[in-house]
Amino acid sequence: MGGLDDTREFQLMGVLNVTPDSFSDGGLWLDADAAVRHATELVEQGATIVDVGGESTRPGAEPVDAETEIARVVPVIERVASAHPDVTVSVDTAKHAVALHAVDAGATFVNDVTAFRNEPEIADLVAERDVSCCLMHMQGEPRTMQDDPYYDDVVDDVKAFLDERVRFAVDRGVAPTRIYVDPGIGFGKTLEHNLALLHRLDEIVALGYPVVVGTSRKSFIGALDGAAAGERLPGTIATNVLALERGARVFRVHDVAQARQALTVATAVLSTPGRRAPRYR
Ligand code: HH2
């Protein structure tokens, strides 16, 4: 499977939104030529996975129909897959028809923010075509998910949810080695929920599936220091490094080159031997 190399410490999943309304890059890559050019930039900067999405999932986003989503993503996926055979092309969708056309066009990874709840037959497609998938946690649906999110214990609840969705996928025939999980930062979560998930990410890692983390430019960063979406790279990098240290494997980011440098340095430090147990006074 191109690009999904389990021997790497971390992998970068570059974000490519072919939408008019994504929260930080909406409208930039709606034109297929511009989208394909941007995919090449992401790959040159170090992305081993390019995640192509045709529907925004930002809070309050209006849903789009399958035909519109297919028209946006399929021509881009086809061209990116043929231009970059060593790269994993991912489709960010919760619709079976979109996933099917995307896989036919060369996608080998299905990133479903509903973890196969919206259209469970995506699990059968992933199983039959032996492609990889990311199962993400979300409370509610994008239009209303930020209204009043509630958990008994956000980390325990997200972990139990992901465990249940992994079982569902495996029951439908998906190979366990094809499964990635994601706590869904910003999807039906308050600032405190996002911080708890990042702080205790090792508990999600303990599920035993590679963990994907998507914090890139998200509003919880702005909630902490007032930064606008285009100014949240330092906060994104801080969360990526902390998530790496806790065992996350795949980082879904808009700014691939910068994340790669931060994670390369962090990996070098973390893999240097000789650390003594910290002493607290
Ligand atoms: N976040 C977004 C979309 N897809 N997929 C995974 N696995 N994890 C995430 O955290 C995640 C995701 C939202 O970010 P973005 O694509 O930049 O914006 P939009 O949904 O507005 O297109």
Side-chain angles (χ1 to χ4, degrees), residues 4 11-30 35 38-39 42 47 49-64 68-69 72-73 76 88 90-95 98-99 102 107 109-118 122 126 132-139 141-143 145-146 158 161-162 165-166 169 179-189 193-194 197-198 201 204 209-222 228-230 232-233 235-236 239-240 243 248-256 259:
L4 285 176
Q11 292 205 68
L12 291 158
M13 174 186 259
V15 178
L16 182 58
N17 286 315
V18 192
T19 61
D21 58 344
S22 289
F23 79 93
S24 88
D25 58 353
L28 287 180
W29 324 118
L30 246 188
H38 188 57
L42 295 171
I49 307 169
V50 175
D51 189 36
V52 185
E55 176 179 34
S56 172
T57 49
R58 73 182 155 74
E62 286 301 325
V64 298
T68 307
E69 219 181 306
R72 288 176 183 171
V73 300
V76 174
T88 296
S90 163
V91 62
D92 187 349
T93 191
K95 296 189 188 77
V98 180
F109 194 110
V110 179
N111 176 26
D112 182 353
V113 297
T114 74
F116 301 156
R117 289 177 300 152
N118 186 52
I122 299 180
V126 168
S132 297
C133 61
C134 179
L135 306 177
M136 197 197 78
H137 175 272
M138 165 165 52
Q139 186 177 91
E141 38 115 14
R143 218 166 30 81
M145 66 188 175
Q146 290 308 105
V158 167
F161 169 91
L162 292 174
R165 296 320 294 163
V166 166
I179 299 175
Y180 291 66
V181 295
D182 184 331
I185 298 297
F187 285 85
K189 283 144 191 132
H193 295 145
N194 291 319
L197 282 164
L198 289 166
L201 195 68
I204 305 295
Y209 292 86
V211 170
V212 179
V213 170
T215 56
S216 191
R217 303 181 183 173
K218 284 189 177 168
S219 65
F220 78 98
I221 298 170
R232 296 176 188 155
L233 177 59
T236 301
T239 57
N240 285 341
R249 292 287 303 280
V250 178
F251 298 84
R252 184 180 183 278
V253 292
H254 301 85
D255 305 287
V256 170

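When a ligand or atom number is given, it counts from 1 through the structure's own listing order. All values below come from the heavy atoms of this structure, side chains included, with hydrogens, waters and symmetry mates left out.
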Report yes or no: does [X] contribute a side-chain atom to a donor-acceptor pair with the main-chain N or O of [Y] at less than 3.5 Å?
X    : Y    : result
E69  : E55  : no
N118 : A94  : yes
K189 : P183 : yes
N194 : G186 : yes
R232 : I221 : no
S216 : H254 : yes

Does [X] approach ligand 1 within less than 4.0 angstrom via side chain, backbone, both or neither, non-hydrogen atoms only?
X    : result
R58  : both
V113 : side chain
N111 : side chain
T19  : neither

Pull out every atom of ligand 1 sitting under 4.0 Å from any heavy atom of [X], numbered as shown with elements.
X    : result
T57  : 2 (C), 3 (C), 13 (C), 19 (P), 20 (O), 21 (O)
C134 : 7 (N)
S22  : 19 (P), 21 (O), 22 (O)
N17  : 15 (P), 16 (O), 17 (O), 18 (O), 22 (O)
H254 : 17 (O)
G214 : 10 (O)

* Asked: Who passes ring pair (Phe, Tyr, Trp, His ring centres under 6.0 Å) against F161, sequence neighbours left out?
  ->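 So F161 forms a ring pair (Phe, Tyr, Trp, His ring centres under 6.0 Å) with H137.
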Taking distance alone, with N or O pairs closer than 3.5 Å, would you say [X] contacts ligand 1?
X    : result
K218 : yes
D182 : yes
S56  : yes

* Structure fact -> Looking at D92, V15, L16, D21, the heavy atom closest to atom 4 (N) of ligand 1 belongs to D92
* Asked: Can you tell me which residue and heavy atom of the protein come closest to atom 16 (O) of ligand 1, and the distance to 0.1 Å?
  -> R252 NH2, 2.8 Å
* Could you check atom 18 (O) of ligand 1 against the protein and tell me its nearest heavy-atom contact, residue, atom and distance included? => F23 CD2, 3.3 Å
* To do: Please state whether F187 comes within less than 4.0 angstrom of ligand 1, counting heavy atoms only.
  => yes
* To do: Evaluate the salt bridge (charged side-chain N to carboxylate O under 4.0 Å, His left out) criterion for residues D25 and R217: first the C-alpha distance (whole Å), next the side-chain angles of each, then the deciding distance (0.1 Å), finally the verdict.
  => CA-CA 10 Å; D25 58 353; R217 303 181 183 173; 5.9 Å; no
* What's the spacing between C133 SG and F116 CZ if we round to 0.5 Å? -> 4.0 Å
* To the nearest 0.5 Å, how far apart are OG1 in T19 and CG in L30? ->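 Here the rounded value is 6.5 Å.
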* With sequence neighbours left out, write down each residue that passes side-chain hydrogen bond (donor to acceptor under 3.5 Å, both in side chains) with R252, or none if nothing qualifies. => D51, D92
